[in-house]
Amino acid sequence: MKLIPHEIAAHLGDAIRAAQAAGDLPAFDLPVIDIKPPKHANQGDYAASVALALAKTAGLPPLEIANRILKHFTLPDFIAAAEVAPPGYINLRLDEAWLKTQVEAIIAEGDALFTLEMGKGKRALVEYVSANPTGPITVGRTRGGVIGDSTARVLEAAGYTVEREYYFNNAGRQMRNLGNSLRLRYLQALGREIELPTDDSFYQGEYLIEFAEDLVKERGDALANEDWQPFKEYAEKRMFDWIKTSLARIQVKHDVFFNENSLYETGAIWNVLEELEQRGYVYKAALPENADEQTRAEVGGKGEAVWFRSTQFGDTADRVLVKSSGEPTYTLPDIAYHKNKLDRGYDLCVNCLGSDHLVQAQVVKYGVRALGMDDSRLNVILNQMVKTVRDGKEVRMSTRRGVFDTLDELIDQTSADAVRYLIGSRSPTNHVLFDLDLAVAQTNDNPVYYIQNAHVRCAGIFREAAARGVSDEGADVSLLGADELRFVRKALELGEVIEAAARTLEAHRVAFYALELAQTFHPIYDSVRVLHSEVPPPLQGARLRFYRAAQVVFRRALTLMGMNAPEYM
RNA sequence: GCUCCCAUAGCUCAGCGGAUAGAGCGUCGCCCUCCGGAGGCGAAGGCGCAGGUUCGAUUCCUGCUGGGAGCACCA
């Protein structure tokens with residue numbers, strides 16, 4: 001289906017060139033012509049402010065420019081009228097006969113409605129969640145998952161071939177601590193008196209008690225004399241199963257689980273280090289070479305480390321790549337990982353991170369640039385924190401201390417769809433205040449019901465129509481009225497929303513569109529009856545056809561948000 | 001102290017340099033009860049402050065105020 005604003009912009013561009021050729025407008029380069037729905041319905045369906053923008057370059061009043069453009073504007077078949085409005089807008093009205101044909105077009109596209117050309121033949125990689133398997137998915141992590149998955153869905157709709165990736169680290173101290181913690185719980189489960197550490201090295205989460213009991217059931221006391229390693233392996237497996245299961249509940253999935261360790265095994269990190277060294281971005285020293293006295297004092301002397309000269313790219317400080325112990329920091333494999341991503345040839349890479357990873361994300365970009373690669377293909381969506389509030393008070397989250405709000409808990413108290421919508425409809429740059437009390441209360445504070453109910457209402461009509469033997473087969477959509485067309489106009493905006501969401505990587509736009517679509521729908525549902533006794537059969541068929549199209553649009557919008565399109569509620 | 005994010009209606013939030021700044025909830029009033037009332041219609045109510053750029057600023061820039069996050073040889 002066509003993206004109406006693009007089509008209009010092309011036609012207006014032609015008109016401007018024609019006006020220039022005829023001498024009605026002076027010569028100038030064609031500007032970007034922005035077409036958007038006006039704020040008020042009586043101003044038409046789409047509006048162009050191009051004449052206002054051209055006033056200076058053309059040296060004419062905007063109103064005059066608009067008139068001269070329209071003089072050379074031939075109406076395409078889908079436009080019924082174009083008129084000039086002060087102070088210089090060009091307002092366009094869609095053709096009603098054409099709009100009616102779009103009902104059939106929408107039904108024909110079905111679940112692929114508004115799959116765009118913009119990403120055709122392009123590959124995108126979206127990375128999200130990427131939590132190490134040390135604990136269940138928290139509400140905070142959920143946000144990146146929702147943003148990442150929604151972004152992936154939007155990019156798919158925009159025509160991209162999308163891969164979803166999860167980057168994880170199953171080595172390192174935290175995993176060893178996890179293994180040790182499980183080992184202690186295991187010994188407890190065997191009935192031994194165990195003194196539990198009180199410091200951060202011990203994971204207090206109750207799930208480890210459960211894991212330990214299961215382990216006793218499976219293996220008895222066979223592991224009683226083992227060190228942390230088998231426990232770490234067991235905990236990791238259980239944790240990943242749990243994480244995947246939790247995410248699957250809100251329809252968040254991954255295609256690839258990328259193990260950081262593979263970058264060590266293939267030697268990729270050392271190749272990167274060597275490359276950086278050859279390019280002169282690396283030095284060995286006890287202290288960063290270009291830091292002020294205060295920083296140098298803070299860093300202290302722990303022996304010779306390998307530094308990345310990231311200040312050359314505008315960083316506030318150079319970063320350690322290899323510790324004085326000879327062990328790489330997280331930064332080195334992270335740079336290697338993103339080099340790996342770019343080497344895989346994606347046209348677009350998107351990384352969804354919490355805002356606490358801002359500095360790290362920047363350093364990675366500097367690293368990629370230092371390798372001589374184009375970092376513009378790396379896009380980072382930083383999301384602000386989710387603050388969970390209960391009883392009007394903030395609930396603190398800390399995986400290691402065992403105090404946390406898990407995604408599971410949140411879903412159990414609300415619903416998967418509510419979690420998807422409430423988190424997915426927020427702009428990532430804003431904090432989310434997730435009120436657990438409000439989410440528990442199933443009132444219509446929650447727009448998810450309002451949107452899904454539109455789909456349910458459509459489904460309800462078809463159930464009733466089937467029972468009464470009414471069909472939309474061979475319906476004459478030309479019988480549809482102004483109310484129905486108001487909805488069709490709104491439905492056709494979906495393509496523009498997908499385009500904008502994909503271009504700006506702002507998937508939450510879909511959520512607001514879906515709400516607007518529902519707001520357009522419900523009043524129409526109220527007045528446009530199908531099976532009412534006073535509705536003549538031909539009109540019944542046409543209206544039924546209309547609701548079939550409406551259902552397609554709602555299902556498409558809901559699916560784009562990773563939500564269910566229920567038949568009943 | 002430095003870096004980044006945010007500030008829009010009583011509350012939670014949209015708003016891609018353009019016309020009269022939107023929605024949900026809450027409040028107040030009204031309607032509908034033969035396809036599911038988690039419904040429909042209407043009202044009151046707002047761009048933190050001060051400059052600047054622009055024909056035009058909620059949007060871009062600077063400063064201020066007030067929130068939040070990050071500033072490891074952790075990951």
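Naming: A, B, ... by sequence-line order, numbering from 1 per chain.
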**Message:** Only pairs with both distances under 3.5 Å count, Watson-Crick or wobble alike; so what is the partner of B:rU59 in this structure?
**Reply:** none

**Prompt:** Nearest to the side chain of A:Lys39, which nucleotide is it out of B:rA14, B:rU58, B:rG36?
**Reply:** B:rU58

**Proximity to the side chain of A:Lys56 - top-ranked nucleotide from B:rC55, B:rA14, B:rC35** = B:rC55

**Item:** Which nucleotide in B:rC35, B:rC13, B:rU20 has an atom nearest any side-chain atom of A:Leu433
**Value:** B:rC13

**Asked** B:rC2 pairs with which nucleotide, Watson-Crick or G-U wobble, both distances below 3.5 Å?
**Response** B:rG70

**Prompt:** When all nucleic acid strands are considered with a 4.0 Å heavy-atom cut-off, which category describes A:Arg468: base, sugar-phosphate, or nothing?
**Reply:** sugar-phosphate

**Asked** When only distance counts, do a donor and an acceptor, one from the side chain of A:Asn42 and one from the base of B:rA19, lie under 3.5 Å apart?
**Response** no

**Message:** Using atom C1' in both nucleotides, what's the gap between B:rG22 and B:rG15 to the nearest angstrom?
**Reply:** 7 Å

**Complete:** Testing B:rC6, B:rC73, B:rG68 for proximity to the side chain of A:His431, the answer is B:rG68

**Asked** What nucleic acid atoms does A:Thr429 come within less than 4.0 Å of, heavy atoms only: base, sugar-phosphate, or nothing?
**Response** sugar-phosphate

**A:Glu499/A:Arg503 ion pair, N-O < 4.0 Å** = yes

**Item:** Test item: side-chain donor near acceptor, A:Tyr283 and A:Asp318, under 3.5 Å
**Value:** yes

**Item:** Side-chain donor-acceptor contact under 3.5 Å, A:Asn351 with A:His357
**Value:** no

**Message:** Assess the residue pair A:Asp483 and A:Arg486 against the criterion (salt bridge (charged side-chain N to carboxylate O under 4.0 Å, His left out)); give the C-alpha distance rounded to whole Å, side-chain angles, the decisive distance to 0.1 Å, and a yes or no.
**Reply:** CA-CA 5 Å; A:Asp483 284 339; A:Arg486 199 165 60 245; 3.0 Å; yes

**Request:** Would you indicate what A:Asn91 reaches in the nucleic acid, counting non-hydrogen atoms under 4.0 angstrom: base, sugar-phosphate, or nothing?
**Result:** base

**Minimum-distance nucleotide (side-chain atoms of A:His40 versus B:rA75, B:rU20, B:rG70)** = B:rU20

**Request:** Measure from the side chain of A:His508, starting at C-beta and using heavy atoms only, and say which of B:rA75, B:rC5, B:rG15 lies closest.
**Result:** B:rG15

**Item:** Nucleotide nearest A:Asn169 (side chain, heavy atoms from C-beta), chosen from B:rG40, B:rG36, B:rA75
**Value:** B:rA75

**Message:** Return whichever of A:Lys323 or A:Leu52 has its heavy-atom-nearest nucleotide of RNA chain B closer to the 5' end.
**Reply:** A:Leu52

**Message:** Roughly how many Å apart are B:rU54 and B:rG39, using the C1' atom of each and rounding to a whole number?
**Reply:** 47 Å

**Asked** So, A:Ser130 side chain and A:Tyr167 main chain: donor-acceptor pair closer than 3.5 Å or not?
**Response** yes

**Asked** When the nearest nucleotide of RNA chain B is assigned to A:Gln360 and to A:His522 on a heavy-atom basis, which residue is associated with the more 5' position?
**Response** A:His522

**Message:** Looking at A:Thr329 and B:rC73, is any side-chain donor or acceptor paired with a base atom of the opposite kind under 3.5 Å?
**Reply:** no

**Asked** Going by atom types alone, do A:Tyr203 and A:Gln174 pair a side-chain donor with an acceptor below 3.5 Å?
**Response** yes

**Complete:** Out of B:rA38, B:rG70, B:rA14, minimum distance to the side chain of A:Tyr449 belongs to B:rA38

**Request:** Under a 3.5 Å limit for both distances, which nucleotide forms a Watson-Crick or G-U wobble pair with B:rC41, could you say?
**Result:** B:rG29

**Prompt:** If you check every side-chain atom of A:Arg457, which of B:rG39, B:rC5, B:rA19 has the closest atom?
**Reply:** B:rG39

**Prompt:** If the P atom of B:rA21 is compared with that of B:rC64, how far apart are they to the nearest Å?
**Reply:** 31 Å

**Item:** Partner nucleotide, any strand, of B:rU12 [Watson-Crick/G-U, under 3.5 Å]
**Value:** B:rA23

